[in-house]
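First comes the structure, then the notes that go with it.
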Amino acid sequence: MRIKFLGTSAAEGVPAVFCNCELCRHAKETGGRNIRTRSQILINDDTLFDFPMDTYAHMLSYKLDLSRIKRVLITHAHMDHCYPQEFCMRGEPFARGMTENNVTVYGNPTVTEMFRADVAREIRPNVEQGITVKTVHPFDRISDGDMTIIAVPAKHTKGEECLAYYVNDGTAGALFLNDTGVLDAEVYARLKSMGARVDLVAADSTYGAARMGAGRRHMGVLDGLDQFSIMREVGLLSDAAQLFATHFSHNNDRDYYGMCEFAAPLGVTVAYDGLETEISGNYEFGIKN
């Protein structure tokens, strides 16, 4: 499985769009890996995890053919994860010579309702017919081409059934935990009972080096490390599983390199915009219902 972190920030970006804090000024001055766009992950060139307003910028930065995307997994309805209006451009006369005629968008009930409402005024019938929007709920199992996906309950926005996602392409399994607080061990045990096995975890690290504990909408690196340990205890992780920290806010006092100094001794890789990795599970694939 090939994974590319297209964006690795929280909602406001780093530097934040209107901010003049020390970290944001530093990011503007130094650039490079200190610049973080809104979080998005590309899986195997045909699957997107979340669809923020920075998707167009990601297409430009990485020379992506977004018309080849077959499926989009959306976690929740905040605009840095769900920007439906862009889909109005997916077809004639706005897009020609597309690689794939059809795309499926998966999301919770709030996401699917928002998606349909936000595109309704501008989307053309010929464009709409190439987009399938499907509602999913926690622990729904999705079989889509070569991908098996399990929707995972996230802890984020009250009143919304926010999701994380487990993805397996038959060669490896990855668990994407953007925009969530800490999850109960029962969630990981349930995934294990469904036959999931995880070779890579991308964990929300909005609070940087802090440990926030239960009851929060986000995590820090130490919370992610705690979650990783729980996953190992319930037998969800492969022996060579890797932990990546992503979804960073400007509201901490460490830039990319400072975060690496903190996280590397803990065995955590700090993601940055453009980071690519490839994982292989080397085990017999067997998702269960």
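Checking side-chain atoms of Thr99 against main-chain N and O of Ser67 turns up no donor-acceptor pair under 3.5 Å. With Asp199 contributing its side chain and Ala241 its backbone, the two residues share no donor-acceptor pair below 3.5 Å.
Between Phe248 and Tyr207, the ring center distance fails the sub-6.0 Å criterion. When ring centroids are compared, Phe176 and Tyr165 stay outside the 6.0 Å threshold. Taking the six-membered ring for Trp and the full ring otherwise, Phe51 and Tyr83 have centroids separated by 6.0 Å or more. Aromatic rings of Phe5 and Phe244 (six-membered ring for Trp) have centroids within the 6.0 Å cut-off, being under it.
Note on ring orientation: taking the six-membered ring where Trp is involved, the planes of His81 and His76 are tilted (angle from 30° to 60°).
Residue Tyr56 places its OH atom among 12 or fewer non-hydrogen atoms of other residues, nucleotides or ligands, all under 6.0 Å distant. Residue Glu113 qualifies as open at atom CD: its count of foreign heavy atoms under 6.0 Å is 12 or below. Under a cut-off of 6.0 angstrom, the local environment of CD in Glu22 is sparse, with at most 12 non-hydrogen atoms contributed by other residues, nucleotides or ligands.
Under the salt bridge (Lys or Arg N to Asp or Glu O under 4.0 Å) criterion, the residue pairs touching residues 216-235 are Arg211-Asp226, with sequence neighbours excluded.
Qualifying salt bridge (Lys or Arg N to Asp or Glu O under 4.0 Å) partners for Asp140, counting only residues two or more places apart in sequence or in other chains: none.
Between Asp144 and Arg71, at least one side-chain N (NZ, or NE/NH1/NH2) sits under 4.0 Å from a carboxylate O, which counts as a salt bridge. At a threshold of 4.0 Å, the pair Lys4-Glu276 counts as salt-bridged, since one of the basic side-chain nitrogens sits closer than that to a carboxylate oxygen.
A donor-acceptor contact closer than 3.5 angstrom links the side chains of Ser249 and Glu12. No hydrogens or angles considered: a donor-acceptor pair under 3.5 Å links the side chains of Asn108 and Glu160.
Stacking of Arg190 on the aromatic ring of Phe139 is recorded, both the 6.0 Å distance cut-off and the 45° axial limit being met.
Closest of all the heavy-atom pairs between Ser39 and Thr8 is OG-C, 3.5 Å.
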